[in-house]
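Have a look at the structure below before the remarks.
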Amino acid sequence: MGVKLGILGLGTVGTGTVQLLQDKIDRHPLLQEIEIYRVGVRSPNKPRQVELPAGVVTTDLEAIVNDPAIDIIVEVMGGLEPTRSLILTAIKNGKHVVTANKAVISRFGAEIFTAANAAGVYVMLEASVGGGIPVIQPLKQSLSVNQIHAITGIVNGTTNYILTRMQTEGSDFDDVLADAQSLGYAEADPTADVDGLDAADKIAILASLGFGGRINLADVYCEGIRQVSKTDIAYATKLGFVIKLLAIAKGQNHDRSQLSVRVHPTLVPQSHPLATINGVYNAILVEGEPIGQVMFFGPGAGAGATASAVCSDILNLVATLKTDTSKAHPLLACSHQHYCQISPISELVSRFYTRFLTKDQSGVIGKLGTIFGKYDVSLESVVQTGFQEQLAEIVVVTHDVKEGDFRKALAEIKNLAAIDSIPSILRVL
Ligand SMILES: NC(=O)C1=CN([C@@H]2O[C@H](COP(=O)(O)OP(=O)(O)OC[C@H]3O[C@@H](n4cnc5c(N)ncnc54)[C@H](OP(=O)(O)O)[C@@H]3O)[C@@H](O)[C@H]2O)C=CC1
Ligand SMILES: N[C@@H](CC=O)C(=O)O
Ligand code: NA
């Protein structure tokens, strides 16, 4: 047999990958050259959905990454450690790596790619963003001559699945999350999905590829979907929007020397192409010059879809191993050295949706208007329709305003005697 794989992990993605590699008929002929040589797991006696020859499955992951017979390590175990160390050992031993792990790449990418460049090996990560959607290779290759202006994506399948079902069925957050977990979409700890951390990891990776520099994950502003309520979904619908967890990377100025990179629930106009992306589907809208707009759409999580991306990386490496490897392939290797400058969220200019609960007094809207005026916040719409028990509900959508100014206005509004609370503040695309 030709190329030997050491696979770390046999969970949702690992199982999907083994199934795909074992089912070679009517697929790319290079699959014939691949041998699943070792598979590392934590619990060797767990029932599995795949059959592997005796001796292939092991709990000794160190032995896999140190085995001289293995050409490619496929890391589909997740987590930060021992994963990072195993990847670095594999690289040091001259092995190419395929990973689905956005958490490890967004935190340790600089260390991992520096080590890979020094060792003359590749680290491939198509499955790490957008699951089965080809988006990493397009950004690295097909779109690489473009100047990218913005990347706007729905990049977390779990939260999109939850928001879609909350919107269409009025379901409760907790029930839908349990379904997403049983379908294999959610991370081992779904906090990463729900709090936007998984999407932040992914937009950091996309921003790095699109804007040609490293991204410090700590600079990525991140809000999850816990505070999105059925009430806000209903108001958004009335106002002509849907609520999506968007991950956005955008040049802040003309020369793209300053970026805005962020994740937050966002009101998306119903006419926008991202508004119709539902369920576990992801979509990534890339805007650049000269291409204009291009959107990638497909299943963002799940065994088969993610395995498709993992196996495409494996095939790419198998093809590379069969050709001259004396020089690094400039479109497969990572060439970023510098860090991109990212603006604080207070500098963001956006529209905002805000829901106020107020005591039912006269003149409240006038007082809101006065304070907003003081901070240059102009209002696109003001709606007062609902009541929550004794409190009146006022929903405001602003025109574009600098976030820092908007927050100052809200801080002053909070002190008004007529304001009970401000349950929701959401940005509008
Ligand atoms: N699920 C999805 O749809 C997607 C997942 N990903 C990424 O793919 C990766 C894997 O995710 P997923 O398949 O869902 O995860 P699972 O939790 O389903 O599987 C993890 C696998 O890794 C093994 N494992 C974990 N830690 C260790 C350890 N310390 N030592 C040995 N084995 C270990 C587990 O062993 P055991 O089986 O014995 O417990 C299990 O087989 C993650 O990085 C995730 O973010 C990316 C895109 C989509
Ligand atoms: N938990 C992730 C899995 C894929 O990366 C998601 O829900 O998108
Ligand atoms: Na992908």
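As a basis for the values below, the full set of heavy atoms in this structure was taken, side chains included, without hydrogen atoms, waters or symmetry mates. Just so you know, ligand 1 is whichever comes first in the structure, and atom 1 is the first atom listed for that ligand.
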Distance flag for atom 6 (N) of ligand 1, protein heavy atom under 4.0 Å: yes
Atom 15 (O) of ligand 1: any protein heavy atom closer than 4.0 Å: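 Neighbour list for atom 15 (O) of ligand 1 is empty of protein heavy atoms (cut-off 4.0 Å).
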Nearest-option assignment for atom 4 (C) of ligand 1, heavy atoms, candidates Ile7, Val13, Val310: Val13
From the candidates Thr306, Asn156, Leu183, the one that places a heavy atom nearest atom 6 (C) of ligand 2: Asn156
Geometric cation-pi criterion Arg427 and Phe352, 6.0 Å radius, 45° cone: no
Thr99 side chain to Asn101 side chain, donor-acceptor N/O pair below 3.5 angstrom: no
Donor-acceptor pair between Asp232 and Ser424 side chains, under 3.5 angstrom: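 Yes.
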From Lys250, Arg262, Gln252, residue fulfilling side-chain contact (heavy atoms from CB on, under 4.5 Å) relative to Ser343: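 Only one of Lys250, Arg262, Gln252 forms a side-chain contact (heavy atoms from CB on, under 4.5 Å) with Ser343, namely Gln252.
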Nitrogen or oxygen atoms of [X] and ligand 2 under 3.5 Å apart:
X      : answer
Gly157 : yes
Asn282 : no
Tyr185 : yes

Close N or O approach (Lys46, ligand 1; < 3.5 Å): yes
Polar proximity ligand 1 side, Leu10 side, N/O cut 3.5 Å exclusive: yes
Validation row: Lys24, Leu30 side chains within 4.5 angstrom (heavy atoms):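 SC-SC contact between Lys24 and Leu30 ruled out.
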Lys/Arg N to Asp/Glu carboxylate O, Asp198 vs Lys102, below 4.0 Å: yes
Under 4.0 Å to a heavy atom of Asp193 - the qualifying atoms of ligand 2, by number: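 Listed by number with element, the hits are 1 (N), 2 (C), 6 (C), 7 (O).
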Atom indices of ligand 2, in the order listed, that fall short of 4.0 Å to a heavy atom of Lys202: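 Checking each atom against Lys202, I get 2 (C), 4 (C), 5 (O), 6 (C), 8 (O).
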Test item, Gly131 contacting ligand 2 (heavy atom, 4.0 angstrom): no
Which of the ligand 1 atoms, numbered from 1, are nearer than 4.0 Å to a heavy atom of Leu61: 30 (N), 31 (C)
